[in-house]
Amino acid sequence: MEKAYNHLNSEAEIYKAWEASGAMRADETSDKPPFTIPLPPPNVTGELHLGHAAMLAIQDILTRYKKMQGHEVLWLPGTDHAAIATENVVIKHHGKKSREEWPSREDFMVDAKAFADEKHDNIVNQMKRMGSWLDWSREAYTFDEPRNFAVNRIFKDLYKDGLIERGYRLINWSVGAQSVLSDDELEYEDVKEPFYYIKCGKFIMGTVRPETKCADSPLIVHPDEDYVEITSDELRMTNDDSLIVIKRLWDDKEKFFKTLNFLDPEADYKVLSTTKGADLVGQKFTAETYAGPRDFFVIADTVIDPEKGSGAMTISASHSADDYDLAKRLGLTDFFIQKIDFEGNMTDVAGPVAGMFVKKARNVSGKLMEEKGLLVGKDDNYEHRVPLCYRSNCVVEPMISPQWFIMVEKEYTHPVDGKTTLKAQMQAAVRGFEGEDPAVQIIPERFNKEYFRWIDNLQDWCISRQIWWGHRIPVWYDEQQNIHLAEEQEIIFARHGESEGNRDGKVQGQDDPLTEKGRAHAEDMVDVLKSENVGVIVTGTSARNTETADIMAAGLGVEVVHIEELSSYDTKEVAGMTIDDIGRVAAIKYCKENGKGEDFDAFVARLKVGLEKLKKVRSNGKIVFVTNRSIYSVLQVLRDGGATDEIFEKRSKNSHLPHGIIDRWSIFQAPEGENLRQDEDTLDTWFSSALWPFSTLGWPDENAPDFQKFYNNAVNGQGTDVLETGWDILFFWVARMIMFGRYATNKFPFHTVYLHGMVTDEHGKKMSKSKGNGINPIEMIEEFGADPVRLALVIGSTPGQKIPIGANKIKGYRNFVNKLWNATRFVGMQSADPETGLCKRAIPTRPVSDNLSLTDQWILSRLSTVAAEVKTSLEAYDISTAGDKIYHFVWGEFCDWYLEASKVEPNLEVLRYTLAEILKLTHPLCPFITQQCWQELFSDSLIIEESFPAASFVNESAVAQFSTVQNIVGAIRTMRAEKNLNPKDKVAAGIKTDEAHVKAAAELIKVLGNLSALEVSASAKTPDNSATTLVDNLEIFVDIPFDEAAETARIAKLKAELEKKIAGLKGRLSNPSYTEKAPPALVAQTKAQLEQAESELQKLN
RNA sequence: GAGCGAUUAGCUCAGUUGGCUAGAGCAUCUGGUUUACACCCAGGAGGUCGCGGGUUCGAAUCCCUCAUCGCUCACCA
């Protein structure tokens, strides 16, 4: 073994070995209780950051722990297509400004997909470097075929239940991204902008957006407030000769002139009349605006805040969320006039500023009003917050536009919950249904409040986005704008029967016909399918497929469609190799590598085209597709995504498919009809993310083995187990998974939500590029190793609180990992054969010797206790405490005491056993070093397949007795240090006791205390001039020439402490309310302490 | 403006339903290269638990006020 652990060599090798072992694959047929964690899929084009690293560390720890506890664990990986973010990156990557620069939408999608595919391996490899025990065989992608199918299915279901609607609504429009944004995608910024008070006839209204005051008609006043009409000579010179303002403002002259600061405070004002707001209602007038004269009418509503502004406002319903709600409430929907277009320019209604960008129009319209004498006040220091697009960081304009929405408050009938709403279901998840406990627990609990605050205020979710990179809305329109949903089609895969060529291990060719038995297979399939509504039979063009199809078509009375691309291929060149030996697809690969037969990539490309054609086959029933197993294998890979060579090879090896019906797929296809046009929009990226926990397990096929096994947790039978993520996406993602999960699967998608905090630098500051305090986890892994990075991320952090981390902290845990390495090295040296120097590797079994020393009993007991504590902590998701316990047990007890003791009184059996148990205990936190040490000393097996340590050696008295030994050694060391004794110098010491365990430990104390001699006896006499002290009521002396004054001072200090303690204890006991009210056990304890302290004090005197 | 969180050693943080002398890591100080480990060992110093009240036999812990910092949400025509 190397003197220092070299993580760089180890980690890559170990991860490879894990992958090669096949043990990372979860077994859906297992009898073990399932434990499932869906990995929050990182952006496929992203880079691993410390947030990901924290997430991976926490989830990996849970995964490994649960696996060692005997669960069938599935931690399911994947990536996210991250719609808006990725689309922007792709555009930038190609050096373009907008997607419109591509020749077509299809071209853009090809480039975007290529980019995503290329980036995919990067993030995946980075995830692996953290040591993540992920089931890569089940890797999913939010934008692959199965996920697209799930998206289409739930869209269709929701639409049919009336929970998805298309409508004109006010939405947040990002001018920069040219797309709608959900409320949660907005970021707010404080800005200072001029606030204008504008005349509207005699009325005055205030606004920060004068450019929108060009085409309004309703003017609102407060019904219960008094309004005064005032005039003055100055006012007579303007267009109107009087002003109407709310009386409250007029009564407060200081505020009045401060607000309407264009009016002359010195002028002579007269009040013409006072009127209730309600009595102004119905007034109609024509007034000048910056864009020319306009007709207005007065209405009243209590929305007006009498303390603010002039007491009147007009509403710009098309460009303000509040105004929109108000206009709808007041039935003013005729006044939704578009003043700003989707490029952010003013429309024609804006007259003189039409065509100008909003910001410019704002200044210009302000100036125009001033010139026209319409401006009566302006506040240049007005501060407010404006929404910005979180992606393009540019202005967000509220706009009215046709969009798709999920109706969260609409009632529908759910198969389990009955009449309900999506919102009610989301609330019930965490609050519990009437009379029931909540199905979902959020850790930390305080986020329940956050969750409810969000859910309770939840509005319909706008799910359409005007971008290309995403799941396209599965809706088509005809010329009358009627809606047509995508159609679902079932494809039944049938494998043709035995053919002539497939005999005696020979390889069959394109033209080999069916055998008699093969024909019989075809007849059998007819029988199976007779009861099903089959519309069409599809086949390639090879002889046996055609023949099978013809027999079936005749039997079922349906037509046959041939698709050339789905035909078989020529493998004659692979003579000499049997199909079952190598598999069909592997055979093609072999041809490719050896320059024979059809090129593998060309083969796959051909089948892709065929698959698309297959999806477009029209049928008034199910489609049967007759094929062979190799084509089927490839199509399956194409459908499931992640089409790598390894996956092809893996699939092809599963080549023992029976003849007959082998699979059924459902697909969505465009609805049938003339001149149908698909909706241009795509779905919000969170729509597909919201399906993640179950779309990755086979849903909507609820009979899928994965869904049955892993979407049925052992805790409360809901979906998966734990959803662990950052709290910042509690609403975006977690809440929506809860919503879709309950809706679609009748279960909540997980029983526990664990929210970790934001990773910050070591001073708790946000990491940012501009501050330069960012830490790249990959660099840290390179420098220190993955295990220390994991420890640094999970120890010393609390759920939901920020996770401060710096190189120093990681370095500290690197030292721990190295300590573990060296402990292993020491044990290895102890167990090495003295002659050969080699160490026999064997997995230690539980020590059976009945001749255990106190030290052995102590370490075994402590091991047991710590294992139990770690288990308790991990079960409660308290990883920090678990890590801390392990850290201190390994370093402070096993290394500092047991290893040192074993140099005096070796017990190899206990030593090896304890180390093995420690490695198991530490494995979930530090997978690499523990695996490496395991291999060095014990076995080539995977340590993760061992059982997690259980408490089986608890021995309280041994622990107490050894604790006395530790205290004695500590006291001796302290006295030595106080006397500045060189560690090399040995001295004599004595302990005045006849206690057997102290006597038994004498040799150990002698070595650890670095003593020349040790007398343990009740009758031991303290030599003159030696230092004394008390430990656990035992008198100890160390024969060190001492300085009288210092020794007296030390004893005095000891005495003072004891006296203080005694006084405190006595005080407590003399308080009758303490002895009466405190728990009796506590009082007894206090008494015992007092006795002990008094006895100690006596000995000192 | 509202809500949430934080405030404990120089720094970063633990501290369970209120109960033993309030702990850890890093930093610091003293002494040490004794064949597992200087990525180390041994020992020490360092805290009025943000302030002020209250409840209690007993408060870092529960309640109230205030202060400071952080986060989130909502906005005023």
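In what follows, chains are A, B, ... by sequence order, proteins preceding strands, each numbered from 1.
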With A:Glu211, which residues qualify under salt bridge (charged side-chain N to carboxylate O under 4.0 Å, His left out), at least two apart?
A:Arg209, A:Arg362
Specify the residue among A:His888 and A:Ala823 whose closest nucleotide of RNA chain B lies further upstream toward the 5′ end.
A:His888
If the plane angle is over 60° it's perpendicular, under 30° parallel, otherwise tilted; pick one for A:Tyr898 and A:Phe894.
parallel
Between B:A77 and B:U61, how far is it from one C1' atom to the other, in whole Å?
49 Å
Taking only the C1' atom of each, what is the distance from B:C40 to B:U35 in whole angstrom?
14 Å
Taking the same atom, P, in B:A60 and in B:G52, what whole-Å distance lies between them?
13 Å
Looking for any heavy atom pair under 4.0 Å, which part of the strands does A:Lys885 touch: base, sugar-phosphate only, or nothing?
nothing
Of A:Asp884 and A:Val208, whose closest RNA chain B nucleotide lies nearer the 5' terminus?
A:Asp884
Is A:Met829 touching bases, backbone alone, or none of the nucleic acid, heavy atoms closer than 4.0 Å?
sugar-phosphate
Does A:Lys903 put a side-chain nitrogen or oxygen below 4.0 Å from OP1 or OP2 of B:A36?
yes
Any salt bridge between A:Lys1066 and A:Glu1094, counting N to O under 4.0 Å?
yes
Between A:Ser1095 and A:Asn1033, do the side chains contain a donor N or O and an acceptor N or O under 3.5 Å apart?
yes
Is there any protein nitrogen or oxygen under 3.5 Å from a nitrogen or oxygen in nucleotides 9-13 of chain B, and what are the pairs?
residue	atom	partner	partner atom	Å
B:C13	O2'	A:Gly796	O	3.4

Any N/O pairs under 3.5 Å between the protein and nucleotides 3-6 of chain B? List them or say none.
residue	atom	partner	partner atom	Å
B:C4	OP1	A:Lys449	NZ	3.3
B:G5	O2'	A:Gln801	OE1	3.4
B:G5	O2'	A:Gln801	NE2	3.4

A:Glu225 bridged to A:Arg248 by N-O distance under 4.0 Å
yes
Charged N to carboxylate O under 4.0 angstrom, A:Lys213 versus A:Asp216?
yes
Sub-6.0 Å ring centroid separation between A:Phe203 and A:Phe296:
no
Side chains of A:Met758 and A:Asp728: closer than 4.5 Å at any heavy-atom pair?
no
Mind checking if A:Leu899 touches a base, just sugar-phosphate, or nothing, with heavy atoms under 4.0 Å?
base
Considering every strand and a 4.0 Å limit on heavy-atom distances, what is the contact class for A:Phe195: base, sugar-phosphate, or nothing?
sugar-phosphate
pair A:Arg973-A:Asn1010: side-chain heavy atoms closer than 4.5 Å
no
A:Asn822 and A:Arg825 side chains, donor-acceptor separation under 3.5 Å
yes
So which protein nitrogen or oxygen atoms get under 3.5 Å of nucleotides 41-47 of chain B's nitrogens or oxygens?
residue	atom	partner	partner atom	Å
B:C41	OP1	A:Lys819	NZ	2.9
B:C41	OP1	A:Trp891	NE1	2.5
B:G43	O3'	A:Thr974	OG1	3.4

What pairs with A:Tyr1074 under ring pair (Phe, Tyr, Trp, His ring centres under 6.0 Å), at least two apart in sequence or on another chain?
none
Whole-Å P distance, B:C51 and B:C11
15 Å
B:G15 versus B:A74 - spacing of their C1' atoms, nearest Å
36 Å
P-based separation of B:C63 from B:G23 [nearest Å]
25 Å
Pairs under 3.5 Å (Watson-Crick or G-U), crossing ones as [ ], inter-strand ones as |: RNA chain B comes out as (((((((..((((.....[...)))).(((((.......))))).....(.(((..]....))).))))))))....
At under 4.0 Å between heavy atoms, what does A:Gln1085 touch on the DNA or RNA strands: base, sugar-phosphate, or nothing?
base
Using 30° and 60° as the class limits, which term best fits the ring planes of A:Trp821 and A:Tyr5: parallel, tilted or perpendicular?
tilted
Under 4.0 Å from OP1 or OP2 of B:C37: is there any side-chain N or O of A:Lys3 that close?
yes
